[in-house]
Every structure is written in C-alpha cells, then in structure tokens.
Amino acid sequence: VLPDVVVMNPPFASSVDRSRDKHIAAKHLIAAAKRLAPGGRLVAIMPPGFTPERDAAHWSRACGLLTPRLALTMPGQVYRKLGTSVETQLMVFNKVQDDGEMIRARVQDLEEALPFVDAVAASRPEKRPAQRAATNPHARSVGPVPVTRKRPVATVAASKPRANAAIPLSFTSLEAPRDNTPVSDIYARYRPQRIEIPGAQEHPTPLVESIAMASVAPPMPSGAASSELRLPARLIEDGHLSEAQLETIIMAHDAHGRDLPGRFTIDDDQTKLTRADDNPDARAYRLGYFLGDGTGCGKGRECAGLILLNWLAGRRKAIWVSKSATLIEDAIRDWTDLGGSPADIQPLSKWKPDQPIPMGDGILFVTYATLRSAGKCGTSRLSQVLDWMGAGFDGVLAFDEAHAMQNAAGSEQGRGVKPSQQGLAGLRLQLAAPGARVFYVSATGATSVHNLAYAARLGLWGQGPEYPFPSRESFV
C-alpha cells in the first residue's frame, strides 16, 4: 500500500516501560515517509523539539525523504478543551524534489493559523493520471486532470515493497537423507538432511553435530499447514534467517500442525494429563517441538522467526518465557532484527499481579520466577497470563532456557524432594492452553533425561499404543 496522503498524530514520548524514547514521534514520521507514494503529502502534529536545530539527526533523515513546506508552532491552549495543553507543531511535507522554502511561524490561535494552512493546501502538487496508475494499479482515469505542479516529482522508490512482502517459504523434502561430512573423529559438518530450501543462505558460521547424531536421519516434515509458511522475502534472500534456522522453523511449524494422539483431562493439581477419549470434556492437545541447538546457532532468532511466521498467519499473541528479566533485551534484538517493533514485546512485570493486562496483540515476556509468584491479594501471575491468553489461545508459547523447569517432577536424589514451584508453573501454563504452539528451547535440556518431566507436549510418553513409552518413568 502506497498512500497519496498521510495524516498523523504520532506519540510524542514512549512510556517508561518502553525506555523513554523522546524521538519516537520522529521515528513514526520517518516510517510513514518511507511508505508515502512519490508526489504525496504528509501532514503531522509533531512535538516542538522536532526542528533542524534541536534534532538534527532525525530532521536530516526525514528531509532525505521529504521536502518540508510548513512548520507552524501552536500554543498548548489550542487543544486544552480536548484534554491536553502541550505545545505542538503543525507540519506539512511533500514527497517531491523541491527547492522551495519552508514556512516557519508561531501563531497564538487557530484563526491565526488558518491563512498559513490555506496557502500550503493550495500549493499541493496534483498527480497526472499516469502517476496515479503507477501508485495505484486499480485506479481508473475518467478524464483530464488539471495540472498545477511546476516542479518534477522525485523518483523516490518505495522501500523495496517486494523484499518486505511475505512470500511462501517453499522447500523440497528429500526421501534419501543427505550425508553430513565428518570433519573430525567426533564431529560432522551440519546441513539440513531432509529438506532443501531454495534461496536460503548457509549459516554465517560453520555448524557441526556429533557423528552419532549425524548417523540418525531426522524425520521428514508432513506438510501440515504448509500454506501458512510465509516469511518476508528479504529475511531469506539476505540470510537474516539461515538455512539451518529456517529448517527449525519449518519443522516446528510442522509439529504444531498436529495433535498428540488421543484426548485428555487434567488432574486437580493441573500438572498431569490423563487420556480419556470417551470423556466429552476431554480435549485434544497440540504437539510441541524441542529446539536443542548449541551456542552460535541463534536460538533466539529461531524463536523470533517462529513467532513472526505465526504473526503473519494472524496469530498475534505470543508468550516468551525466559530465565531472567535482562534477557528481554536479547528477545527485543532478535525480534527487531527480523523487522518487528521493540514495542511489540512487553514484560509481564510492567503490570501488578491483580491488574488485567491491557495489551492487545503482542509478545508477553515472562520470567520463570515471575510466573510462579503471586500478588499480595493472592492473585497468581499464572492466572493473570492465562486471562490475557484467553480460552482459544493458539499462538506460540516459547519456553526459552527450558531447563529452568527441570525439577517439575521433584528430584531423584534423596527421599521426598518436592517438585519446584518454577517447574510446576511452567507445566500448568502449557497444560492450561491445549491449542498453544509449545516451543521448548534449551542447549542443555537433555543433560539429565530425568529433568525432561516438563516436556509433556512432545509425545514421548503417554497412554496408548501410539506412544513409544507408557509413562515418563519408563521413558527415563
């Protein structure tokens, strides 16, 4: 979409929880300028600090895309009856090559502002029919259009609309798995063995796996929900998501397209599933996926990529659970590297335990310690998260550093060691959301097999002939 006109009133400052960005209005304006069609006009209510003298960096970036025509400083009293008394600027820009001067003035009221506005409004460049068709292929010319424009329209290209567009993530399944070449007595060079992804770039650093693992072929994806496999073209073409990372996203999405065999009820403690196919209250549970990549593979980016894939499919709520509050910076980095906004990720700690989460779409960042805690009024953080998710939640539920839930079934060491509250909270969260796309992430998750008690959504154990082991204990 390339609009001819943008009228905007961006936020003047972000909130405390979004790191007090005083340049947020300028960033909004620059983002809108990139989208504006050549020859178009942008009108914005901006903070008084957006001037070449006080914000040279952002002003220069904006003027690289637009030609400023009007900057009218308005007193705060103009908007007092609407609930604010902040001084503002009414600004007008054209997306043309123009040497004309910008009108800068300070007015005391709207009546004084009107002549300036009328003068700039009258000078807006008209578009020829050919230009309209170029920016809007569905438009039809119905007759001659009067042309009052004297100067040429800038040939400013839109910011690679094709590269930013989501395209199908196609791949070819290989019946005969590829052999990964040994590079030592211990390791083999890693490449996806069962799928080939056209146009995907190799990982920026060499990846290896043990020769023992390389000798076991991974499963072929079933193609479940493959129509939803869509990502921005540039992420694939420019290698922002490497071949190995895309393989993880494809395999996880494929697993999430299936359910665990059977239907289940939950016990009173909400920590254990019992198969009950004949029970009308029993529910189906979506299959999960475990990512065990080591350091350097970019597990955070793979997690962000899976969330983005679902985001583009319309599932715009996700939970990102991690070990410490400081890791939100890594999550924001990985999300923004793929084109997301930092504001999309918000920490649960931003809201009190007894306060409903007002965020609509977005990624809720939760630490394991916060998840197990409760407020003074007795309201648990877990119930607060579940209320935000809603009954039909089917977005990504990512457990980063999943080994933090390792004591979900207690300890084998000694007698009577109780399960950890942290592990139980993680278990309850995933069992309370049958439709969630559970994504376990840990480089050390299988160091002790006993610690995998929290991984209830992998189908490793369960009642019925479809499961390889009848219980978690027999699996261990």
Side-chain angles (χ1 to χ4, degrees), residues 1-37 39-96 98 100-126 341-346 350-352 355-362:
V1 177
L2 299 177
D4 296 335
V5 178
V6 172
V7 182
M8 63 190 304
N9 178 17
F12 284 11
S14 54
S15 65
V16 175
D17 299 291
R18 296 186 185 176
S19 66
R20 289 187 179 277
D21 187 353
K22 64 181 181 180
H23 301 298
I24 195 72
K27 292 176 181 177
H28 274 269
L29 183 138
I30 291 165
K34 291 177 181 177
R35 179 58 63 86
L36 184 65
R41 167 158 285 185
L42 186 149
V43 182
I45 298 174
M46 296 292 288
F50 185 58
T51 64
E53 297 82 17
R54 295 170 62 181
D55 191 0
H58 289 98
W59 181 266
S60 176
R61 285 180 62 196
C63 291
L65 300 164
L66 304 165
T67 298
R69 295 304 316 276
L70 177 68
L72 214 55
T73 302
M74 316 273 278
Q77 66 184 19
V78 168
Y79 295 111
R80 183 168 294 152
K81 67 178 181 180
L82 301 176
T84 179
S85 56
V86 176
E87 187 178 272
T88 59
Q89 291 188 91
L90 177 62
M91 308 195 79
V92 179
F93 298 84
N94 291 337
K95 197 165 187 176
V96 297
D98 195 341
E101 290 186 3
M102 174 179 63
I103 300 171
R104 295 181 72 175
R106 176 181 289 273
V107 297
Q108 297 305 313
D109 53 40
L110 292 176
E111 195 173 331
E112 191 179 340
L114 198 58
F116 293 102
V117 173
D118 285 341
V120 174
S123 67
R124 183 184 170 205
E126 275 292 347
S341 166
D344 293 331
I345 302 182
Q346 295 296 319
K350 175 178 177 178
W351 298 283
K352 296 177 180 178
Q355 181 183 0
I357 300 171
M359 181 170 65
D361 297 342

* Residue pair Arg54 / Trp59, side-chain heavy-atom distance below 4.5 Å -> no
Pairwise side-chain contact, His23 with Phe50, heavy-atom cut-off 4.5 Å (strictly under)
no
Check whether Lys95 reaches the backbone of Ala37 with its side chain - one donor and one acceptor, N or O, closer than 3.5 Å. no
Discussion item. Any non-hydrogen side-chain atom of Val6 less than 4.5 Å from a side-chain atom of Phe93?
Written reply: no
*Leu72 side chain near Arg104 side chain, heavy-atom distance below 4.5 Å*: no
Taken to the nearest 0.5 Å, the spacing of Leu29 CG from Ile45 CD1 works out to 12.5 Å
Between the CG atom in Leu70 and the CD atom in Glu101, the distance rounded to the nearest 0.5 Å is 13.5 Å
* Between Val43 and Met8, is any pair of side-chain heavy atoms under 4.5 Å apart? -> no
| message | Using a 3.5 Å distance criterion without hydrogens, assess whether the side chain of Glu112 forms a donor-acceptor pair with backbone atoms of Val107. | response | no
Separation between CZ (Arg69) and CG (Leu42), nearest 0.5 Å, reads 14.0 Å
If only atom types and distance count, is the side chain of Asp109 paired as donor or acceptor with the main-chain N or O of Glu111 below 3.5 Å? yes
Heavy atoms of Ala71 and Met91 approach each other most closely as CB-CE, 3.8 Å
Requested in this report: Indicate yes or no: at least one non-hydrogen side-chain atom of Glu87 is less than 4.5 angstrom from one of Met74.
Outcome: no
query = Does Ser60 use its side chain to pair, donor to acceptor, with the backbone of Ala57 at less than 3.5 Å?
reply = no
### Task
Please tell me if the side chains of Phe12 and Lys22 come closer than 4.5 Å, counting only heavy atoms from C-beta onward.
no
d(Tyr79 OH, Thr88 OG1) to nearest 0.5 Å is 4.5 Å
message: Check this for me: Glu53, atom CD, are more than 12 non-hydrogen atoms of other residues, nucleotides or ligands nearer than 6.0 Å?
response: yes
The reported gap from CG in Leu66 to CG in Leu36 (rounded to nearest 0.5 angstrom) is 6.5 Å
Checklist entry - Would Phe116 and Ile103 satisfy side-chain contact (heavy atoms from CB on, under 4.5 Å), going step by step from the backbone distance to the final call? => result CA-CA 8 Å; Phe116 293 102; Ile103 300 171; 3.8 Å; yes
- request: Run the numbers on Val78 and Leu110 for side-chain contact (heavy atoms from CB on, under 4.5 Å), then give the verdict.
  value: CA-CA 7 Å; Val78 168; Leu110 292 176; 3.5 Å; yes
Are Arg41 and Asp4 close enough that some pair of their side-chain heavy atoms sits under 4.5 Å apart? no
dist Leu90:CG -> Met46:CE (nearest 0.5 Å) comes out at 11.5 Å
